[in-house]
Amino acid sequence: MNGTAAPAPRTCLVTGASGYIGGRLVPELLDAGYRVRCLARTPRKLRDQPWAGQVEVVEGDVTDADSVAAALAGVDVAYYLVHALGAGRDFERTDREAATVFGEQARRAGVGRLIYLGGLTPAGVPEQDLSPHLRSRAEVGHILLDSGVPTAVLRAAVIIGSGSASFEMLRYLTERLPVMVTPRWVHTRIQPIAVRDVLRILVGCAGLPPDVSRTFDIGGPEVLTYLEMMHRYAAVAGLPRRLIVPVPVLTPGLSSQWVGLVTPVPAAIARPLTESLRYEVVCREEDIGGYVPSPPGHPVGFDRAVALALQRVRDAQVVTRWSSAAVPGAPSDPLPTDPEWAGGSLYTDVRERHAEVAPGALWEVVEGIGGQNGWYSFPLAWAVRGWLDRLAGGVGLRRGRRDARRLRVGDSLDFWRVEEIERGRLLRLRAEMRLPGLAWLEMCVDDEGAGARYRQRALFHPHGLLGQLYWWSVSPFHAVVFGGMARNIVRAAERGQQQGAGRRPPHAEG
């Protein structure tokens with residue numbers, strides 16, 4: 001032995017680690033031997049990730065130069081995986097400012113490589129004529145390339161993987177509509193790519209030579225129309241062949257509303273997806289293969305990518321979902337502290353019940369709430385509220401759950417987001433439906449020795465007169481909705497214990 005110490009592993013910074021791609025990239029980088037640091041606006045959202053104990057998490061925002069500078073200190077490779085998708089009218093300015101800050105601070109910190117995942121743009125279409133979201137993604141790529149730091153801009157079209165917005169849109173459109181009238185974009189040619197190939201290339205780009213600073217088009221081995229993708233999906237899923245009738249009258253706005261009506265993807269996110277489908281998005285070069293060679297079996301073909309994604313869904317092993325990132329514009333304020341709060345009016349609805357079950361059995365019902373299991377009270381009222389939210393441009397009730405049994409901080413849960421979970425004791429949800437105020441739903445389980453105590457609180461902080469009117473207009477229904485919910489959660493736990501099944505039936509009585 002020569003006594004020479006092995007070189008320290010390189011450090012990668014991952015932004016967007018709570019999102020769909022970032023949440024999957026982190027463990028891939030760890031497996032490849034990198035040290036990983038995550039920049040997060042809300043670090044506790046990463047607390048329950050299986051890899052949380054193996055990474056460094058720093059608090060900050062990509063629009064804040066000081067926090068970005070601190071996060072980039074000592075970093076070799078930085079991944080820029082944030083987009084202001086559906087974030088309102090100023091999203092292009094927000095994306096532009098954030099990318100400028102990130103590029104400048106990366107140069108000052110001496111970062112050796114930036115890697116950005118953007119969108120594949122169509123050939124022959126000037127960037128100023130692109131949809132706002134495609135145009136913004138292209139602009140971010142230019143800003144990072146001009147930062148003075150060697151940059152790899154990866155441009156992908158439709159990403160096929162369990163939980164991706166594009167895959168969920170394809171899945172629900174195909175499965176729910178055996179006969180459908182569709183927009184003209186179903187005839188657009190697209191080069192989809194499997195999420196595992198996206199991750200493989202992202203990791204591989206960390207080893208690019210310093211003199212490589214450019215864009216790379218990345219795609220799978222096939223070019224398909226969206227119509228062919230739906231037919232191929234149906235075949236892989238074992239569904240009868242779909243009857244699809246394209247019509248020329250659906251504008252991007254109408255298309256996004258149509259997608260929002262049929263699928264769990266809300267119109268605000270569906271719109272940029274459908275806008276991008278108006279253009280042919282096919283790789284113009286495949287140069288990335290010269291730097292990140294494809295191993296046997298890669299790139300993954302469309303049918304296999306669909307089969308792998310479906311298997312993940314059926315096995316309830318979807319690691320991240322399109323809804324993993326917080327909804328732009330949704331309330332992010334922390335729950336008001338007890339017993340006093342200086343934030344103004346705070347209305348509460350409190351319910352408590354004793355349960356003749358072990359605390360663990362009661363908690364199992366609490367942690368399994370939502371999604372296919374429902375909300376244990378007045379299903380029609382919950383369904384109507386979900387539809388009203390969709391009509392108002394919100395996320396609606398159909399996002400479901402990432403996992404049928406386990407929740408973690410940051411998970412989307414229908415039109416809620418898990419804000420806090422103390423397994424076995426506390427589940428706190430923050431509302432992401434459209435509301436004239438901020439709302440939370442809190443469920444607690446306490447050990448009473450002989451049984452358990454279930455405690456439930458609904459809290460609402462109104463915004464203005466409209467918020468006040470909203471609370472008083474819905475409060476007459478609280479006894480039915482929240483009272484029934486507390487009663488039926490306890491009943492489900494008691495029934496499950498009596499049956500010895502360990503799980504409750506999928507729906508409690510109204």
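Sequence positions, counted from 1, serve as the residue numbers for this chain.
A donor-acceptor pair under 3.5 Å is formed between the side chain of Thr100 and the backbone N or O of Arg96. In this structure, the side chain of Arg37 engages the main chain of Ala73 through a donor-acceptor pair within 3.5 Å. Counting only distance, with no hydrogens or angles, the side chain of Asp414 and the backbone of Trp416 share no donor-acceptor pair below 3.5 Å. No side-chain donor-acceptor contact under 3.5 Å links Arg10 to the backbone of Gly33. Between the side chain of Gln191 and the main chain of Gly220, a donor-acceptor pair closer than 3.5 Å is present. A donor-acceptor pair under 3.5 Å links the side-chain atoms of Asp411 to the main chain of Arg408, judged by distance alone. Between the side chain of Asp61 and the main chain of Arg41, no donor-acceptor pair closer than 3.5 Å is present.
Of all heavy-atom pairs between Arg24 and Glu28, the closest is O-CG, 3.3 Å. Taking both residues in full, the closest heavy atoms of Leu120 and Ala157 are given as CB-N, 3.8 Å, listed atom of the first, atom of the second, then distance. His187 and Leu227 get closest at one heavy-atom pair: CE1-CD2, 3.7 Å. The shortest heavy-atom contact between Val158 and Ser166 is CG1-CB, 3.6 Å. Shortest non-hydrogen contact noted between Leu29 and Tyr79 is CD2-OH, 3.6 Å. Scanning all heavy atoms of the two residues, the minimum distance from Ala152 to Leu208 falls at CB-CD1, 3.7 Å.
For the salt bridge (charged side-chain N to carboxylate O under 4.0 Å, His left out) condition, the pairs that include at least one residue of residues 143-156, sequence neighbours left out, are Arg155-Asp217. Within the structure, the salt bridge (charged side-chain N to carboxylate O under 4.0 Å, His left out) test picks out the following pairs touching residues 227-237 (sequence neighbours left out): Glu222-Arg232, Arg232-Asp303. Residue pairs meeting the salt bridge (charged side-chain N to carboxylate O under 4.0 Å, His left out) criterion with at least one partner in residues 118-128, sequence neighbours excluded, do not occur; the list is empty.
By the side-chain hydrogen bond (donor to acceptor under 3.5 Å, both in side chains) test, Glu104 pairs with no residue at all, sequence neighbours left out. Take Val55 and apply the side-chain contact (heavy atoms from CB on, under 4.5 Å) test, not counting sequence neighbours, and it matches Val26, Leu30, Val36, Cys38, Trp51, Val57. Val101 meets the side-chain contact (heavy atoms from CB on, under 4.5 Å) test with Ala65, Val68, Gln105; sequence neighbours excluded. In this view, Tyr226 and Trp185 satisfy the ring pair (Phe, Tyr, Trp, His ring centres under 6.0 Å) rule, not counting sequence neighbours. With sequence neighbours left out, the ring pair (Phe, Tyr, Trp, His ring centres under 6.0 Å) criterion links Phe102 to Tyr80. For the salt bridge (Lys or Arg N to Asp or Glu O under 4.0 Å) test, residues two or more places apart in sequence or in another chain that qualify with Asp287 are Arg214. Phe216 is linked by a ring pair (Phe, Tyr, Trp, His ring centres under 6.0 Å) to Tyr291, counting only residues two or more places apart in sequence or in another chain. Considering only residues two or more places apart in sequence or on other chains, Ser136 meets the side-chain contact (heavy atoms from CB on, under 4.5 Å) condition with Phe91, Glu92, Asp95. Applying the side-chain contact (heavy atoms from CB on, under 4.5 Å) criterion to Arg304, with sequence neighbours excluded, gives Val300, Leu308.
Note: Arg312 CZ to Phe167 CZ = 12.0 Å, rounded to the nearest 0.5 Å. Atoms CH2 and CZ, from Trp363 and Arg423 in turn, are 7.0 Å apart once rounded to the nearest 0.5 Å.
The closest side-chain heavy-atom distance from Thr188 to Val281 is not below 4.5 Å. Arg113 has its side chain out of reach of Asp76: every pair of non-hydrogen atoms, C-beta onward, lies at least 4.5 Å apart. Between Gln372 and Arg401, every side-chain heavy-atom pair lies at or beyond the 4.5 Å cut-off.
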Original post:
Do Tyr116 and His83 pass the ring pair (Phe, Tyr, Trp, His ring centres under 6.0 Å) test, and can you show the C-alpha distance, the side-chain angles, and the key distance before you say yes or no?
Top reply: CA-CA 11 Å; Tyr116 169 62; His83 300 291; 5.5 Å; yes
Subject >> Verdict with supporting geometry, Leu429 and Val418, side chain to side chain contact (heavy atoms under 4.5 Å, CB included) >> reply: CA-CA 5 Å; Leu429 308 175; Val418 179; 3.9 Å; yes
Original post:
Can Thr63 and Glu97 be said to form a side chain to side chain contact (heavy atoms under 4.5 Å, CB included), step by step?
Top reply: CA-CA 7 Å; Thr63 61; Glu97 292 175 355; 5.5 Å; no
**OP:** Determine, step by step, whether Ile115 and Val77 satisfy the side chain to side chain contact (heavy atoms under 4.5 Å, CB included) criterion, reporting the C-alpha distance in whole Å, the side-chain angles of both residues, the deciding distance to 0.1 Å, and the verdict.
**Re:** CA-CA 8 Å; Ile115 302 171; Val77 179; 3.7 Å; yes
Subject >> Steps toward side chain to side chain contact (heavy atoms under 4.5 Å, CB included) verdict (Arg406, Glu367) >> reply: CA-CA 6 Å; Arg406 301 275 287 184; Glu367 191 173 3; 4.0 Å; yes
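Applying salt bridge (Lys or Arg N to Asp or Glu O under 4.0 Å) to Glu419 and the options Arg430, Lys45, Arg47 leaves one that passes, Arg430.
By the neighbour-count criterion of 12 heavy atoms within 6.0 Å, atom CZ of Arg196 is sparsely surrounded, having that number or fewer from other residues, nucleotides or ligands.
No donor-acceptor contact under 3.5 angstrom links the side chains of Ser162 and Arg402, judged on distance only.
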